[in-house]
Amino acid sequence: MNQGQIQEAIQELSNLKNLGIPNEDLSRLLGKAYYWSKDFQKTKDFFEQEIRSNPNFLQLQLDYARILYEFQDWKVTQALLETLDPKLPKHPEINQKLAEINYWTGASKQKSLGYLEVILSEYPDHPSAKKLKEEIKLQTSPTLAIESGFYSDSQPLGYGMIGGKFTDYHSSKLQPFIHLENRFYKENQRISRLEMGNKFAFLQAKTTLSLSVGLVQNSRLNALNFTYEASLVQGLGNGFYAGAALGKEPYLYTLASLKEAISPKLAQISLERKSENSWMGKFQVNQRTFESDNTLQMLSLWVLFTVLKSNNINFWLGYSGTLADTDSVRFKSNSMPDPPTRPSFGELIPGAYHPYFTPINQSIHGALAKISLDLGERQTISITGNYGVFAQLSNPNIYYFGPETPGNAPIQAENMVLLFNQEMYNPYDLKFEYSHFFSKRTSLHFCYHYQKTIFFDSQTLGLNLNFKLY
């Protein structure tokens with residue numbers, strides 16, 4: 001076997017085996033020869049037969065567990081190691097592998113830590129046990145994010161925000177979270193949102209399910225607004241993920257939406273590639289159905305290709321596109337001045353989307369770019385820019401086509417006509433993100449986001465502090 005003559009070794013060992021004298025060293029060596037011959041089915045058949053015939057061959061069982069571990073057959077490996085554990089108590093390799101498999105398959109983190117404590121009680125400086133223990137505690141520790149920010153746009157709409165999010169991890173199927181957000185608008189208006197849920201991860205199936213429910217309270221309104229969401233993500237391999245979501249969400253993007261509770265129902269599907277080695281992107285289709293059964297459909301696509309990749313700088317270029325349409329437009333005239341002034345025939349009357357934005361035949365095709373900078377072990381910067389090279393929209397306008405009778409008599413609704421003008425424009429947005437990691441447990445994240453649309457410009461500032469609580 002040492003000379004690479006595996007088949008010859010198998011023949012010699014088989015001849016000895018046929019003598020009928022049970023010998024664990026002989027069985028272990030023959031099993032290893034089958035494995036080195038790369039006849040893996042024969043290897044499995046041999047070990048299973050030997051284990052049934054010689055249940056006291058503990059080292060042979062451990063050899064088979066090592067082979068199954070290499071095959072990443074976690075379920076069978078775990079079962080075999082758990083039968084060996086009472087017979088070989090405090091065996092470092094058995095406890096290490098059980099801790100790893102238990103952690104990788106998303107079982108209780110306390111069970112994995114218990115296996116590692118068995119090793120560390122006997123060997124306090126055991127390197128692999130210490131490393132895995134630190135990783136488990138770091139990756140599964142409760143996290144607290146303190147969130148703050150400010151938003152303003154030219155509608156004008158503006159608010160300050162403070163909130164927080166707490167997440168915990170007990171196992172892959174028990175990852176609860178709670179999120180609280182308070183927005184403070186002008187004129188002493190406050191909107192609070194509470195969201196609670198749990199994430200279920202089925203690691204072997206590469207499936208993640210998130211369920212959440214929430215309440216939204218507006219200081220101008222008496223009733224609480226109920227929200228919910230269910231989202232599913234399925235890994236497809238090679239960096240691809242398929243997603244789907246259903247829910248009911250709060251709409252808080254227009255001035256009118258602050259005066260009444262608007263909660264469209266969401267239905268969404270997506271296909272995403274997250275790998276950053278060559279290219280990444282996302283295709284998404286969603287539909288929002290408002291209380292009036294008016295639906296807003298949107299299709300979006302973005303893709304980024306790697307142009308430069310190094311230890312400190314990554315640069316991507318790509319494309320972004322959006323198509324949007326609505327069953328019926330929600331564009332209304334603004335309240336007339338007091339006393340009302342009768343407009344001239346054919347005059348444009350000021351209007352706005354009320355109570356929510358409903359684009360008609362909107363299409364945007366943009367140039368997308370992203371750069372990320374690694375400023376050492378503790379600091380990172382990311383800048384993303386998207387410029388709408390070609391964008392058009394059926395822009396709603398209200399015109400007065402009524403009598404030119406002098407005076408301030410009320411304007412009749414039938415004399416105001418809604419017409420759509422095909423309009424070209426160039427939207428763009430810029431996002432700057434900075435992260436500073438004070439330690440493995442504490443980090444700061446700053447974000448500035450500027451957007452220019454056909455209707456208004458907006459700016460968002462955000463500052464979050466993140467803590468791992470262990």
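In this text, all values refer to a predicted model and were calculated from it rather than measured experimentally.
Between the side chains of Q234 and T207, at least one donor N or O lies within less than 3.5 Å of an accepting N or O. No side-chain donor from either of T295 and Q287 sits under 3.5 Å from a side-chain acceptor of the other. When only modelled atom types and interatomic distance are considered, N218 and E260 share no side-chain donor-acceptor pair under 3.5 Å. One side chain, R330 or S292, offers a donor N or O that lies under 3.5 Å from an acceptor on the other. For S154 and D457, the side-chain atoms include no donor-acceptor pair closer than 3.5 Å. There is no side-chain donor-acceptor pair under 3.5 Å between E423 and N421. In summary, the side chains of Y64 and E48 do present a donor paired with an acceptor at a separation below 3.5 Å, with no hydrogens or angles considered.
Looking only at distances, no side-chain donor or acceptor of S333 sits under 3.5 Å from a matching main-chain atom of I349. Remark: side-chain polar atoms of R378 are paired, donor with acceptor, to backbone N or O of F437 under 3.5 angstrom. Remark: the backbone N or O of L98 is not paired with any side-chain donor or acceptor of Q78 at under 3.5 angstrom. A donor-acceptor pair under 3.5 Å is absent between the side-chain atoms of E249 and the main chain of L266, judged by distance alone. The backbone N or O of A245 lies less than 3.5 Å from no partner atom in the side chain of S231, so there is not a single donor-acceptor pair. A donor-acceptor pair is defined here as one N or O able to donate and one able to accept, closer than 3.5 Å; no such pair exists between the side chain of N386 and the backbone of T384. Side-chain atoms of N95 come within 3.5 Å of backbone N or O of H91 as a donor-acceptor pair. At distances below 3.5 Å, at least one donor-acceptor pair connects side-chain atoms of D325 with backbone N or O atoms of N361. In this structure a side-chain-to-backbone donor-acceptor pair under 3.5 Å is missing from K111 to N102. Remark: the backbone N or O of A201 is paired with a side-chain donor or acceptor of S172 at under 3.5 angstrom.
Using the six-membered ring where Trp is involved, F40 and F71 have ring planes that are perpendicular, over 60° apart on the 30 and 60° scheme. Using a 30° and 60° split on the angle between ring planes, Y228 and F226 fall in the tilted class, from 30° to 60°. The aromatic rings of Y69 and W104 sit tilted, their planes meeting at an angle between 30° and 60°.
Note that the CG atom of L304 and the OH atom of Y319 stand 13.0 Å from one another [nearest 0.5 Å]. For the atom pair OG (S152) and CG (L461), the distance works out to 8.0 Å, reported to the nearest 0.5 Å. Separating the CD atom in Q175 from the OG1 atom in T208 is a distance of 8.0 Å, to the nearest 0.5 Å. Between atom CG of residue L301 and atom NZ of residue K282 there is a gap of 11.5 Å, rounded to the nearest 0.5 Å. N395 contributes atom CG, which lies 11.5 Å from atom CG of L419 (distance to the nearest 0.5 angstrom). Note: N294 CG to R288 CZ = 13.5 Å, rounded to the nearest 0.5 Å.
The aromatic ring centres of F283 and W302 sit 6.0 Å or more apart. Under the 6.0 Å cut-off for aromatic ring centres, Y159 and F184 do not qualify, their centroids lying 6.0 Å or more apart. Taking the six-membered ring for Trp, Y253 and Y251 have ring centres closer than 6.0 Å.
Within the cation-pi definition used here (under 6.0 Å to the ring centroid, within 45° of the axis), K199 does not qualify as a partner of F177. Cation-pi geometry between K137 and Y470 is not satisfied (NZ or CZ under 6.0 Å from the ring centre, within 45° of the ring normal). Both tests hold for R273 against F240: distance to the six-membered ring centre under 6.0 Å, angle to the ring axis within 45°. Taking the ring axis of Y241 as reference, the NZ or CZ atom of K274 stays within 45° of it and closer than 6.0 Å to the ring centre.
I398 and K332 make their closest contact through CD1-C, 3.6 Å (heavy atoms, listed as atom of the first residue, atom of the second, distance). In plain terms, the two heavy atoms of P355 and A256 that are nearest each other are CA-CB, 3.6 Å.
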Margin query: Applying side chain to side chain contact (heavy atoms under 4.5 Å, CB included) to H436 and T380, what does each step give before you reach the verdict?
Written below: CA-CA 7 Å; H436 186 97; T380 62; over 6 Å; no

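In this structure, L465 and E147 have side chains that are not in contact, with every pair of non-hydrogen atoms separated by 4.5 Å or more. The closest side-chain heavy-atom distance from D429 to S458 is not below 4.5 Å. The shortest distance between side-chain heavy atoms of T306 and W316 falls below 4.5 Å. Two residues are said to be in side-chain contact when any heavy atoms from C-beta on lie closer than 4.5 Å; P427 and K452 fail this criterion. You'll find the side chain of L323 reaches within 4.5 Å of the side chain of S363, heavy atoms only. At a threshold of 4.5 Å between non-hydrogen side-chain atoms, the residues Y169 and T167 do not count as touching. Side-chain contact between H365 and V389 is absent, with no heavy atoms from C-beta onward closer than 4.5 Å. The closest side-chain heavy-atom distance from I360 to T326 is below 4.5 Å.
No more than 12 heavy atoms of other residues, nucleotides or ligands lie within 6.0 Å of NZ in K259, so this atom counts as exposed by the packing criterion. The 12-atom threshold is not exceeded at CG of N188, counting heavy atoms of other residues, nucleotides or ligands nearer than 6.0 Å. Residue-environment remark: CE (M196) stays at or below the threshold of 12 foreign heavy atoms within 6.0 Å. With a 6.0 Å radius and a threshold of 12 heavy atoms from other residues, nucleotides or ligands, K248 has its NZ atom above the threshold. Counting heavy atoms of neighbouring residues, nucleotides and ligands inside a 6.0 Å radius, atom CD of E377 does not exceed 12 of them. Summarising the local packing, NZ of K468 is surrounded by more than 12 heavy atoms from other residues, nucleotides or ligands at distances under 6.0 Å.
The pair K133-E117 counts as a salt bridge, with a side-chain nitrogen and a carboxylate oxygen less than 4.0 angstrom apart. Salt bridge annotation for D45-K42: absent, with no cationic side-chain nitrogen under 4.0 angstrom from a carboxylate oxygen. Note on E134 versus K130: no salt bridge recorded, every NZ/NE/NH1/NH2 to OD/OE distance being 4.0 Å or above.
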